[in-house]
Each structure stands twice: as C-alpha cells, then as structure tokens.
Amino acid sequence: MKYLECKSCGASMVIDPSGTTAHCPYCRSRYVLDHRDTDYYRDFYERMRGFFRLSKDGQERRSRADELWSTADETVFECSDGRKIDIRSLNVFADREATVYTARQNIIFRFEQQNAANADKFRRAVSSLDYPSADTKSLSDFFPTISGGFGLSDGSSLLAVKKSEDEYPLRLFGRLDGRQAAWIVSRLENLCCVLEYNSIVHTNFDIDAVYIDPYDHTASLYGGWWNAVPNNTAIGGRIYTTRHNLTALREIAAQVLGFESAADVRASDDVPQPFADFLKGAPESNAYDDFAHWDEVLIKSYGERKFVTMDTDDAQIYGKR
C-alpha cells in the first residue's frame with residue numbers, strides 16, 4: 001500500500017475508508033485526494049474486501065495473500081547491540097505517540113525516545129487483563145500477546161505483538177456495507193464487555209486499533225494500549241468512564257460505513273433505521289446492557305444472524321427480491 005505525505009509537515013497521511021480524503025495525524029491538515037490516488041485506494045480496498053469471498057482453507061486465499069504481501073515495504077532497524085531487524089510491513093500508521101507497522105505475523109510499535117514509557121504502559125495494561133471464568137470463546141485471543149521488545153541504536157524502541165497471518169487492520173478494508181459493519185459491531189461489543197469486566201477505559205479505541213480476520217469474522221483490539229486507564233480517570237478536565245469505549249465503538253462503525261462521525265449516520269437501504277439510530281444514540285450505562293441492546297437492534301435491522309459473504313444479497317439469503 002502506498003503512502004501519502006502531508007504537504008504541511010511531511011508526515012504520513014491517513015486515508016479515510018472512502019478513499020477520497022486524507023488527514024494528517026500530526027498537524028490535522030485535511031486533503032481531498034486527486035483522481036489517481038482515489039482510484040488507487042478504491043482499487044486497494046476492493047482487493048482487500050475480496051478476502052471476504054474466499055474460503056478460510058482455500059488455496060486461492062493463500063495465493064492472494066502471498067501476492068498482497070509481495071508488495072509489502074521493507075524497513076530495517078538497528079538494535080542498540082548492533083543487530084539488524086528487518087520488517088516487511090503492509091501498512092504503516094503514525095501519530096504523535098507511536099509508529100505502527102503491520103507485518104505478516106506481528107504488529108510492531110515503534111516509540112521514540114521521549115515516548116519510551118509507552119512500551120511499559122502497554123505491557124502493564126495488557127498483562128493486567130482478566131477474563132470471566134465462564135469464558136468459552138477464548139477472548140484473550142482478541143487482545144495483545146507481546147512477543148518481544150528491542151532497544152534501537154537511535155534511542156527509540158520496538159514492541160512486537162503477535163497476530164495471525166489472516167488478521168489485517170480494519171482501515172485497510174475501506175468502506176463496508178451495513179451487514180459487514182454489523183458483525184464488526186457485534187465483535188466490538190464483545191471486546192467492550194472485556195474492558196468493562198476489567199474496569200478499563202481504552203482512550204485510543206479507534207479504527208486504527210482494531211484488526212479483523214475477514215474469513216472467521218473476528219475482531220481484535222491490538223493498538224493504543226499505552227493510553228488505557230482505569231474507569232473514572234480524569235484527563236484534561238474530563239472524566240473517562242467505560243461508556244467511552246461504547247461511544248468509540250459507534251464512531252468506528254460510522255467510519256466503516258463511510259460517514260465522518262456517528263452523528264452523521266443516515267438510514268438507507270443498506271443501513272436500516274434501527275442500526276442508524278443505534279449509532280447516533282447514546283450508549284447504555286455499561287457494556288453488558290449495551291450488548292443486549294445491540295442484539296435487539298441487530299434483529300430489528302437484519303433479522304436472525306447469518307454468516308454472509310461480501311457479495312451475498314437479500315435475494316440469496318431470504319429468497320426474496
């Protein structure tokens with residue numbers, strides 16, 4: 001995936017899911033892309049969405065993944081002890097606190113020397129996570145497992161988090177339809193229940209922190225853990241509670257649907273009115289009640305849950321036109 005530089009400060013731009021605009025996470029500049037870039041990103045997103053149509057165990061899936069990773073960018077880091085670390089990344093995301101590289105089996109977080117404490121904050125946050133004793137879904141699989149850390153010769157540091165080969169940043173799939181956004185909401189509600197169980201507010205819970213497996217329809221919360229705080233924490237004069245996680249969930253879903261924010265969501269043939277109202281409305285007081293509410297909204301919006309591929313329409317599912 002190619003990267004665009006901000007014309008104001010030179011940082012890497014973040015492309016929105018529609019592939020038509022971009023913003024800079026450093027100086028907050030916004031740009032409308034020209035038609036060549038728009039065509040590129042739309043083609044790239046369509047290529048990523050094609051993974052939804054492939055079998056989990058199919059040879060075509062592996063072949064297409066190999067083709068995708070053959071275009072990955074290579075970055076070489078020098079460790080403080082002189083060793084070299086070679087990273088091939090499909091996506092790079094950078095903000096003021098970290099640069100994140102998506103490799104095939106790891107996510108690499110690079111912290112500049114002034115942000116070195118973030119690596120320890122990340123470790124402490126994920127090591128403290130607990131899971132319900134009745135957990136039958138191995139929820140820990142959807143949260144970070146740290147595989148290593150390295151000090152670099154320039155004073156910065158790397159932190160590596162495991163991921164499966166079939167997990168990709170949610171942002172890389174661009175704009176999705178309502179049904180695909182709905183299963184993502186269901187998975188994020190699960191993650192919010194774990195955060196609620198641990199009384200944690202994930203203040204960096206956004207589209208760039210979430211990775212999905214398009215074959216198994218799973219979502220994982222891997223990014224931004226250095227900014228996780230206990231429930232009812234005051235930051236900059238604002239009190240953060242676990243309802244923040246539920247508000248963030250709605251913003252992520254709105255972006256996936258191609259809206260600027262949850263407040264902009266409008267009902268359509270693709271996004272039923274109950275779904276739109278859920279995204280625009282205030283969350284329940286806790287994640288458990290919010291998940292129960294979402295289950296009701298999901299049935300009102302799309303009926304009983306069905307595993308569908310990206311190119312499945314209502315006629316194929318219900319036998320109606």
Side-chain angles (χ1 to χ4, degrees), residues 16-18 45 49 52-53 132 134-137 139 142 170-171 173-197 201-202 205-207 209-221 241-321:
D16 78 350
S18 71
Y45 294 153
R49 287 192 290 267
F52 284 89
R53 296 187 283 267
D135 176 17
T136 59
K137 297 183 179 180
L139 289 172
F142 309 120
L170 176 55
R171 184 180 289 280
F173 293 88
R175 182 174 180 174
L176 300 179
D177 66 30
R179 292 184 183 278
Q180 297 297 335
W183 73 252
I184 290 170
V185 170
S186 295
R187 302 302 175 264
L188 296 184
E189 286 280 5
N190 255 320
L191 302 182
C192 284
C193 285
V194 175
L195 295 175
E196 187 84 39
Y197 183 77
V201 184
H202 191 297
F205 193 8
D206 60 23
I207 193 172
V210 175
Y211 286 64
I212 67 169
D213 182 331
Y215 313 108
D216 282 348
H217 280 194
T218 59
S220 298
L221 181 54
T241 72
T242 51
R243 290 189 76 203
H244 170 87
N245 303 325
L246 304 172
T247 300
L249 176 157
R250 286 160 168 77
E251 294 297 332
I252 293 169
Q255 282 188 269
V256 166
L257 289 168
F259 296 98
E260 186 77 16
S261 70
D264 299 321
V265 175
R266 299 290 182 270
S268 65
D269 291 342
D270 184 43
V271 182
Q273 190 68 54
F275 192 4
D277 291 343
F278 174 84
L279 296 181
K280 293 176 66 175
E284 301 294 328
S285 61
N286 62 73
Y288 314 124
D289 290 346
D290 203 65
F291 203 169
H293 175 45
W294 166 245
D295 269 342
E296 296 173 355
V297 170
L298 188 58
I299 292 173
K300 290 177 182 177
S301 298
Y302 298 111
E304 294 184 11
R305 294 183 181 180
K306 295 177 181 288
F307 186 96
V308 298
T309 56
M310 290 291 289
D311 52 354
T312 303
D313 58 25
D314 283 355
Q316 293 170 293
I317 300 172
Y318 301 108
K320 299 178 181 179
R321 294 189 179 278

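Source: prediction; values computed, not measured.
Under the 4.5 Å side-chain criterion, counting only non-hydrogen atoms from C-beta, Pro17 is in contact with Ile207. Between His202 and His244, every side-chain heavy-atom pair lies at or beyond the 4.5 Å cut-off.
Identified under the salt bridge (charged side-chain N to carboxylate O under 4.0 Å, His left out) test for residues 259-284, with sequence neighbours left out: Arg30-Glu260. For the ring-ring contact (aromatic ring centres under 6.0 Å, His included) condition, the pairs that include at least one residue of residues 268-287, sequence neighbours left out, are Phe275-Trp294, Phe278-His293, Phe278-Trp294.
Going from atom CZ of Arg243 over to atom OG1 of Thr241 covers 6.5 Å, rounded to the nearest 0.5 Å. Rounded to the nearest 0.5 angstrom, Ser186 OG and Asp295 CG are separated by 7.0 Å. One finds the CG atom of Leu249 at 12.0 Å from the CG atom of Asp206 (value rounded to the nearest 0.5 Å).
The main-chain N or O of Phe173 is found under 3.5 Å from a side-chain atom of Arg49 such that the two form a donor-acceptor pair. Judged purely by atom type and a 3.5 angstrom limit, Arg175 has no side-chain atom pairing as donor or acceptor with the backbone of Val256. Remark: the backbone N or O of Tyr197 is paired with a side-chain donor or acceptor of Tyr288 at under 3.5 angstrom. In terms of modelled atom types and a separation under 3.5 Å, the side chain of Glu251 and the main chain of Ser261 share no donor-acceptor contact.
Contact detail for Leu191 and Phe142: the closest heavy-atom pair is CD2-CB, 3.8 Å. Residue Leu176 comes nearest to Ile184 through the heavy atom pair CD1-CD1, 3.6 Å, listed as atom of the first residue, atom of the second, then distance. For the pair Phe205 and Cys192, the tightest heavy-atom approach, listed with the atom from each and the gap, is CE2-SG, 3.5 Å. Heavy atoms only, all atoms of each residue included: Ala253 and Leu279 are closest at CB-CD2, 3.7 Å. Of all non-hydrogen atoms in Leu257 and Gly178, the two that sit nearest each other are CD2-CA, 3.8 Å. Of all heavy-atom pairs between Pro283 and Leu246, the closest is CB-CB, 3.5 Å.
Residues satisfying the salt bridge (Lys or Arg N to Asp or Glu O under 4.0 Å) criterion with Arg250, sequence neighbours excluded, are Asp290. Every residue meeting the side chain to side chain contact (heavy atoms under 4.5 Å, CB included) condition with Ala219, not counting sequence neighbours, appears here in chain and number order: Arg187, Leu188, Val210, Ile212. Glu196 pairs by the side-chain hydrogen bond (donor to acceptor under 3.5 Å, both in side chains) definition with Thr242, not counting sequence neighbours. For Ala292, there are no side chain to side chain contact (heavy atoms under 4.5 Å, CB included) partners at least two apart in sequence or on another chain. Applying the salt bridge (Lys or Arg N to Asp or Glu O under 4.0 Å) criterion to Asp16, with sequence neighbours excluded, gives no partner residue.
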Please lay out, stage by stage, how Leu195 and Leu221 fare under the test side-chain contact (heavy atoms from CB on, under 4.5 Å).
CA-CA 10 Å; Leu195 295 175; Leu221 181 54; 4.1 Å; yes

